[in-house]
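Take a look at the structure set out below.
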Amino acid sequence: MSDTRVVIAKQAARLLVNGDYVNLGIGIPTLITNHLPPGVEITLHTENGMLGYGPYPHEGEQDADLINAGKETITELPGCSYFGTEQSFAMVRGGHVDVTVLGAMEVSADGDLANWMIPGKKVKGMGGAMDMVAGAKKVIVAMEHATKDGKPKILPKCVLPLTGKGVVSAIVTELATFILDKGALTLTAMHPDTTVEAVRKVTGVDFKVAKDLASYER
Amino acid sequence: MNKSINSAAEAVERIKDGATIMMGGFGVCGIPENLVAALYAQGTKDLTLISNNAGLDDFGIGTLLKKGQVRKMILSYGGECKVFEDMTLDKRLEVEWTPQGTLAERIRAAGAGIGGFFTPTGYGTLVAEGKETRRIDGRWMVFEGPLHADFAFVKAWKGDVLGNLEYRKTARNINQVMATAAKFVIAEVEQLVDIGGLHPDHIHTPGIYVDTVLRGAKYVKPIEKLTVRKAAAHV
């Protein structure tokens, strides 16, 4: 299989709709802008206070006053705008941001999401993640299907402290894409190199298979 | 009234041990670096800091943590600051985790005279524990109270001696709302302009909120993650 992170980003990009206002989390989600399907134009929101940011600057053109929520240097696209944190999150909670794509440590069938804390170990904080998942119209989790030692990350119940309860609308992994609805998962797309049985082995909950199950592009 | 002051040291003189201080910035973008350095030099301790982040180990709030000046932090994200993470795990620092949007809105509420609000953010998570919840318009929400401070350190790009401020790009972040919510607001600016030097339509923080304005003597403005395109690449 080709680079797992790229496979995930490509599939997540297919869930975006032309005209969407999108907030991308740190890591895999940032790769999505390189893989947008033809005809899909999106506007990027960054929660520190900007809409319409562009790619990384050319060497020497970086500006310390212009960063994204991952603290990376970025650029302006024509038509971009700046605002304060209070307005940035008002637009998130107010349901004006169409989609957020973010990583996860655990997801439950009920759409619970855990991605901010490992008690006694990781104490970085939730940043804007709790607001994003509570407010964005659609919450897409883009993550590797299993942990490094092969344990499922999609579980009946999250064990780690939650970021949000009942918030996830879709999960995209290198193996499979699921839509979540009323506590049930439906497999809607799958990598051609895997099988439904193989996906079941690394998924901690039961799922339905869509009649029109799609295949990932190679 | 001319609100300008000559030095950062003079600006922080009135801050005593035990004070609660808001500090603007996102990561180290748009942080009041001259005021933080002056507070470090003054050695004021037992502080409660309200900030989005904890700075870096050797810059901004991280330096105050390392020197043992901080008792408590109210923040949303402390990654990138090892000192913060170590002190939190060892329980040498009291931490009140607040989601970033809730943090900004609690500050906004304080500055706008609002007694709190119900938000869907954090419902069913650790941050909702012990707080009133209510179902509003079909959604469960959590009550969050206003967040006040004794002082706010705010960083702007330009300011005038009346305290009017204009921010630049994403360095605005939480500075703008913090300028409304403290008993005493100290703004530091890169350029101090004459009265009339700011276009009235471009003023983000009207001078009514600001008590003192300082032209920062020096700006380092570090970049946490320098990400660039090579000239020929197509990112």
Side-chain angles (χ1 to χ4, degrees), chain A residues 33-34 46-50 53 55-76 80 82-90 92-93 112 114 116-117 119-135 161-167, chain B residues 26-30 52-54 75-80 84-85 88-89 95 97-105 107-108 119-127 139-140 157 167-178 204 219-231 234-235:
Chain A
T33 48
N34 298 337
T46 182
E47 58 265 33
N48 47 326
M50 182 183 191
Y53 68 88
Y56 298 147
H58 290 294
E59 246 172 317
E61 288 172 11
Q62 64 270 14
D63 182 339
D65 289 341
L66 183 47
I67 63 168
N68 64 18
K71 285 115 187 173
E72 298 173 328
T73 45
I74 50 170
T75 51
E76 297 177 337
C80 70
Y82 297 111
F83 32 84
T85 308
E86 70 286 9
Q87 186 175 172
S88 183
F89 283 95
V92 169
R93 280 188 313 264
D112 296 353
W116 78 281
M117 190 193 215
K121 277 188 190 161
K122 186 181 156 191
V123 286
K124 290 182 189 299
M126 72 287 280
M130 286 193 181
D131 305 278
M132 291 308 311
V133 300
L162 295 185
T163 308
K165 202 168 170 51
V167 293
Chain B
F26 181 90
V28 289
C29 175
N52 188 56
N53 301 81
L75 82 170
S76 84
Y77 193 79
E80 274 80 66
F84 169 84
E85 293 193 53
T88 306
L89 282 171
V95 177
W97 291 113
T98 308
Q100 199 178 343
T102 298
L103 182 69
E105 195 63 15
I107 296 166
R108 198 195 75 83
T119 175
T121 301
Y123 175 75
T125 75
L126 288 177
V127 302
R139 286 201 75 183
W140 280 103
W157 178 39
Y167 305 93
R168 183 171 179 273
K169 302 181 189 277
T170 57
R172 186 185 327 182
N173 54 61
I174 207 162
N175 281 295
Q176 179 170 254
V177 75
M178 282 182 169
H204 299 119
Y219 283 96
V220 180
K221 302 217 296 187
I223 290 175
E224 272 183 64
K225 290 179 192 162
L226 177 63
T227 43
V228 294
R229 279 178 279 181
K230 297 277 178 228
H234 49 87
V235 175

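Note on naming: letters A, B, ... go to the chains in the order of the sequence lines (proteins, then strands), and numbering restarts at 1 for each one.
- Only the side chain of B:Thr119 comes within less than 4.5 Å of a heavy atom of chain A; its backbone N, CA, C and O stay farther away.
- Both the sub-6.0 Å distance and the 45° axial angle are satisfied by A:Lys71 relative to the ring of B:Phe26.
- For the options A:Met130, A:Met50, A:Glu61, heavy-atom pairs under 4.5 Å to chain B are most numerous at A:Met130.
- For B:Asn53, the part lying near chain A is the side chain, with the backbone staying farther off; criterion is any non-hydrogen pair under 4.5 Å.
- Between chain B and the options A:Ala69, A:Ala129, A:Gly135, the largest number of non-hydrogen pairs under 4.5 Å is found for A:Ala69.
- A side-chain contact (heavy atoms from CB on, under 4.5 Å) with B:Thr170 holds for exactly one of A:Asn48, A:Asp63, A:Asn68, A:Thr85; it is A:Asn48.
- A:Thr163 touches chain B through its backbone: at least one of N, CA, C or O sits under 4.5 Å from a heavy atom, while the side chain does not.
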Pair A:Asp131-B:Gln100, side chain to side chain contact (heavy atoms under 4.5 Å, CB included): steps then yes or no: CA-CA 7 Å; A:Asp131 305 278; B:Gln100 199 178 343; 4.3 Å; yes
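- Heavy-atom distances place no part of B:Tyr167 under 4.5 Å from chain A, backbone and side chain included.
- Between A:Ala64 and B:Pro222, the shortest heavy-atom contact is CB-O, 4.4 Å.
- Comparing B:Arg108, B:Gln176, B:Arg172, B:Glu80 by how many heavy-atom pairs each has under 4.5 Å with chain A, the most go to B:Arg172.
- Heavy atoms of A:Pro161 lying under 4.5 Å from chain B belong exclusively to its side chain.
- Options A:Gly127, A:Gly125, A:Gly70 differ in how many heavy-atom pairs under 4.5 Å they form with chain B, and the most are formed by A:Gly127.
- Taking the side chain as every heavy atom from C-beta outward, B:Thr121 and A:Arg93 approach each other to under 4.5 Å.
- For the set B:Cys29, B:Gly30, B:Gly79, B:Pro99, the count of heavy-atom pairs under 4.5 angstrom toward chain A peaks at B:Pro99.
- Note: A:Tyr82 OH to B:Asn173 CG = 12.5 Å, rounded to the nearest 0.5 Å.
- Heavy-atom pairs under 4.5 Å with chain B were tallied for A:Pro57, A:Gly49, A:Gly128; the largest tally goes to A:Pro57.
- Closest approach of A:Tyr56 to B:Thr227, counting heavy atoms only: CD2-OG1, 3.3 Å.
- Note that the NZ atom of B:Lys169 and the OH atom of A:Tyr53 stand 16.0 Å from one another [nearest 0.5 Å].
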Step by step, would you call B:Arg229 with A:Thr75 a side chain to side chain contact (heavy atoms under 4.5 Å, CB included)? CA-CA 11 Å; B:Arg229 279 178 279 181; A:Thr75 51; 4.2 Å; yes
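- For A:Val92, no part lies under 4.5 angstrom from a heavy atom of chain B.
- The shortest distance between side-chain heavy atoms of B:Glu224 and A:Ile67 does not fall below 4.5 Å.
- Using a 4.5 Å cut-off between heavy atoms, B:Ile174 touches chain A through backbone and side chain atoms alike.
- Of all heavy-atom pairs between A:Gly120 and B:Leu89, the closest is O-CD2, 3.3 Å.
- Per-residue heavy-atom pair counts under 4.5 Å with chain B were compared for A:Met126, A:Gln62, A:Lys165, and the maximum is reached by A:Met126.
- Contact check for A:Trp116 versus B:Trp97: side-chain heavy atoms found under the 4.5 Å cut-off.
- Taking CZ of A:Phe89 as the start and CD of B:Glu105 as the end, the distance is 11.0 Å to the nearest 0.5 Å.
- For B:Val127, the part lying under 4.5 angstrom from a heavy atom of chain A is the side chain only.
- Contact tally against chain B (heavy-atom pairs below 4.5 Å) for A:Glu72, A:Lys124, A:Met132, A:Glu47: the top residue is A:Lys124.
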